[in-house]
Amino acid sequence: MSQKRENWGSRLGFIMAAAGSAVGLGNIWRFPYMTGENGGGAFIIIYLAFALIIGLSIMLAEFAVGRRSGLGAVGAYKSYSDRWSFAGALGVLSGFFIMGFYPVVGGWALAYVFKSFGGLLAAPEAMGDVFGGFITNPVQPLIWMLIFLAMNIVIVAKGISGGIEKAGKILMPTLFALFIFLAIKSISLPGAGAGLEFLFKPDWSVVTGQTFLAALGQAFFSLSLGMGAMMTYGSYLNKQENLQSNALIVTLMDTGVALLAGIAIFPALFAFGMEPAAGPGLVFVVVPSIFAEMGGAGVFFSAIFFIALVVAALTSSVSLLEVVVAYLIDQKNMVRKTAVYGTSAIMVVLGILSSLSLGIMSGVTVFGVGAFDFFDILTDKIFLAIGGLLLAIFVGWFLKKEDLKDELTNGGTIKFGLFEAWYNLVKYVIPVAIAIIAVAGITSIAQKGLMIFGLLVIVVLAIFSKKL
Ligand code: PHE
């Protein structure tokens with residue numbers, strides 16, 4: 001009996017950590033505006049298919065590789081062959097780049113906790129201008145970003161503390177409950193039907209190669225895949241855990257929160273007559289507008305919503321930072337604190353560039369985009385997908401099938417009826433699918449120079465693989 005309880009306890013801890021990594025700004029901030037920019041329902045269907053077929057399979061592969069090797073991103077590949085280190089290093093680089101913009105948005109969420117109390121909701125018609133004015137300000141968002149990053153530093157420097165896990169255990173369900181509440185509120189606004197139609201009536205005429213690449217990138221980003229985060233978390237798992245059910249639960253939770261965010265936002269958006277393609281400001285404008293409808297209590301709910309958003313972001317960014325830190329500790333023998341401080345110092349610089357690129361530095365562009373978009377597009381549209389592609393090739397063509405079966409069935413003690421299906425997906429279908437989507441996406445994307453640059457970076461990493 002006590003044996004059983006212990007197992008269950010550690011299982012919950014792992015699911016919380018993995019789901020904490022997955023559920024973040026990707027679901028709540030990014031998913032709604034990507035849906036808006038990519039035409040609604042059709043994007044959602046493609047996204048769900050990718051998340052549930054490709055994403056779930058890749059997550060399982062990452063867990064298996066991580067647990068089998070007991071090492072983080074680079075180490076896991078390296079334990080097979082030095083030649084493969086670059087695939088892990090690509091993940092580490094993705095960690096840096098995602099952390100180049102993620103804390104900026106985390107900082108916005110933090111600021112909105114305080115803005116909720118500071119009269120934000122009193123002027124719903126000015127919500128868009130307030131957001132625009134805030135993120136283009138040269139000083140304020142930087143301070144909030146630094147505070148958000150400092151929270152990461154404290155947590156990761158100590159190792160993952162009980163504090164954040166506890167906060168997550170309370171605030172993640174709170175976020176979930178708030179979204180259900182918001183969704184109901186949103187659906188009941190007059191004129192909300194147009195939003196539901198936008199979400200659930202696919203318009204296939206707006207779908208291009210770009211849409212598929214965007215949906216694939218979003219699936220990887222939201223599920224924390226293709227950069228070694230789930231591999232690193234898997235490496236801490238004990239051998240009794242059921243990888244299959246864990247991967248399924250995390251994937252379902254993640255897609256569930258994304259859908260809920262969509263249902264909370266779009267009906268309200270149409271009811272208020274706003275633009276679906278409003279971009280990165282969507283959550284920050286629509287959600288406070290819904291709360292503003294509620295009078296005094298709205299202020300309180302709005303603050304809780306943004307606190308929960310900060311926590312969701314934090315449990316994700318911690319895993320991003322951890323991928324880089326684990327690499328420096330495992331492969332470069334660095335002390336944890338040094339690794340955390342050094343890594344964060346670089347992230348501060350990247351974050352400042354990102355934040356300023358939305359305001360006073362908007363004229364400074366590389367390959368036609370500012371720093372924020374540079375980090376975002378490069379990781380989301382290319383690095384994560386290629387990271388997933390490399391992992392699928394590695395698992396399908398280089399690792400032994402019996403070893404994989406052994407890992408996924410805990411040495412034959414549990415069943416995995418779909419093993420053959422999973423194996424063939426990873427070996428044949430996923431690599432081909434990602435390659436086709438990448439080619440179709442890259443040929444139809446506006447930022448071709450940036451894409452070619454990204455591919456070159458991967459080639460350079462591959463050449464220097466043995467040194468990583
Ligand atoms: N999945 C996180 C989110 O949705 C972001 C993330 C990406 C975290 C990659 C880790 C690795 O916000």
Side-chain angles (χ1 to χ4, degrees), residues 50 53-69 71-98 212-213 216-217 219-221 223-235 247 320 323-324 326-327 330-331 378-401 403-404 407 422-442 451-468:
F50 286 170
I53 301 170
I54 301 182
L56 178 56
S57 305
I58 292 286
M59 187 180 291
L60 196 52
E62 286 207 22
F63 283 168
V65 170
R67 187 171 73 171
R68 187 126 194 123
S69 66
L71 291 164
V74 177
Y77 280 108
K78 211 182 175 104
S79 64
Y80 176 80
S81 143
D82 282 351
R83 271 263 156 259
W84 271 97
S85 304
F86 80 101
L90 180 62
V92 172
L93 189 64
S94 303
F96 267 114
F97 282 5
I98 297 176
F212 285 91
L213 185 63
L216 183 72
F220 274 100
F221 184 86
L223 291 166
S224 304
L225 299 175
M227 52 86 60
M230 289 303 180
M231 217 184 273
T232 309
Y233 275 11
S235 73
L320 286 159
V323 168
V324 182
Y327 162 69
D330 288 352
Q331 309 300 322
L378 207 51
T379 48
D380 180 63
K381 297 261 160 50
I382 186 151
F383 283 1
L384 299 186
I386 302 284
L389 172 71
L390 291 171
L391 177 84
I393 294 174
F394 178 70
V395 168
W397 297 87
F398 291 84
L399 297 184
K400 285 206 197 78
K401 191 173 174 183
D403 288 352
L404 291 165
E407 194 59 45
W422 169 82
Y423 186 74
N424 288 313
L425 264 177
V426 170
K427 185 167 183 149
Y428 303 107
V429 180
I430 293 178
V432 174
I434 296 183
I436 294 174
I437 295 162
V439 171
I442 291 171
M451 292 293 119
I452 293 167
F453 169 76
L455 292 172
L456 278 177
V457 169
I458 299 170
V459 171
V460 170
L461 283 177
I463 292 171
F464 291 102
S465 212
K466 290 197 168 145
K467 295 204 162 53
L468 298 165

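Only a predicted model underlies this, so the values are computations on that prediction, with no experimental measurement involved.
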Completion exercise
dist Leu56:CG -> Trp422:CH2 (nearest 0.5 Å) comes out at 11.0 Å
Exercise for the section: Can you measure from CD1 (Ile463) to CD1 (Ile458) and round to the nearest 0.5 angstrom? Expected result: 12.5 Å
Exercise for the section: Indicate yes or no: at least one non-hydrogen side-chain atom of Leu71 is less than 4.5 angstrom from one of Ser235. Expected result: no
Practice task
Mark yes when over 12 heavy atoms from residues, nucleotides or ligands other than Lys466 sit less than 6.0 Å from its NZ; otherwise mark no.
Solution key: no
Problem - Minimum heavy-atom distance Pro431-Leu425, with the two atoms named - result: CD-O, 3.9 Å
Exercise for the section: Go through the steps for Val65 and Leu399 under the test side chain to side chain contact (heavy atoms under 4.5 Å, CB included), then give the verdict. Expected result: CA-CA 9 Å; Val65 170; Leu399 297 184; 4.0 Å; yes
Problem - Pairing residues for Asp403 by the salt bridge (charged side-chain N to carboxylate O under 4.0 Å, His left out) criterion, not counting sequence neighbours - result: Arg68
Handout entry: Gap separating the CG atom of Leu90 from the CG atom of Leu391, nearest 0.5 angstrom
Key = 11.5 Å
Completion exercise
For Tyr428, the side-chain contact (heavy atoms from CB on, under 4.5 Å) test, sequence neighbours excluded, returns Trp397, Asn424
Problem - Closest non-hydrogen atom pair, Val395 against Tyr423 - result: O-CE1, 4.5 Å
Handout entry: Nearest heavy atoms of Ala73 and Val323, plus distance in Å
Key = CB-CG1, 4.5 Å
Exercise for the section: Kindly compute the distance separating CD1 (Ile98) from CG (Leu93), expressed to the nearest 0.5 Å. Expected result: 10.0 Å
Fill in the blank from the handout: Residue set satisfying side-chain contact (heavy atoms from CB on, under 4.5 Å) with Lys78, at least two apart, ordered chain then number -> Asp82, Ser85, Gln331
Problem - Contacts of Ala385 that satisfy side-chain contact (heavy atoms from CB on, under 4.5 Å) - sequence neighbours left out - result: Leu216, Ile434
Practice task
Taking ring-ring contact (aromatic ring centres under 6.0 Å, His included) as the test, write out the residues that go with Phe63, two or more places apart.
Solution key: Phe14
Fill in the blank from the handout: Taken to the nearest 0.5 Å, the spacing of Ile386 CD1 from Thr379 OG1 works out to 13.0 Å
Handout entry: Closest heavy-atom pair and its distance - Ala89, Leu468
Key = CB-CD1, 3.5 Å
Handout entry: Donor-acceptor contact present, side-chain Ser465 to main-chain Phe86, <3.5 Å
Key = yes
Exercise for the section: Could you tell me which residues satisfy ring-ring contact (aromatic ring centres under 6.0 Å, His included) with Phe97, sequence neighbours excluded, listed by chain and number? Expected result: Phe375
Practice task
Would you sort out whether Ile442 and Ile382 count as a side chain to side chain contact (heavy atoms under 4.5 Å, CB included), showing the intermediate values?
Solution key: CA-CA 9 Å; Ile442 291 171; Ile382 186 151; 4.0 Å; yes
Exercise for the section: With sequence neighbours left out, write down each residue that passes salt bridge (charged side-chain N to carboxylate O under 4.0 Å, His left out) with Lys427, or none if nothing qualifies. Expected result: none
Completion exercise
Residue set satisfying side chain to side chain donor-acceptor pair (under 3.5 Å) with Ser224, at least two apart, ordered chain then number -> Ser21
Practice task
Apply side-chain contact (heavy atoms from CB on, under 4.5 Å) to Ala64 and list each qualifying residue two or more places apart in sequence or on a separate chain.
Solution key: Leu243, Glu407, Leu408
Problem - For Tyr77, ring-ring contact (aromatic ring centres under 6.0 Å, His included) partners two or more places apart - result: Trp84, Phe394
Handout entry: Leu225 versus Gly55, closest heavy-atom pair with distance
Key = CD1-O, 3.2 Å
Problem - Value rounded to 0.5 Å, distance of CE in Met230 from CG in Leu223 - result: 7.0 Å
Practice task
Decide yes or no on side chain to side chain contact (heavy atoms under 4.5 Å, CB included) for Phe50 and Phe220, but give the supporting numbers first.
Solution key: CA-CA 9 Å; Phe50 286 170; Phe220 274 100; over 6 Å; no
Practice task
Can you see which heavy atom on Val74 is nearest to which on Gly88, and at what distance?
Solution key: CG2-C, 3.6 Å
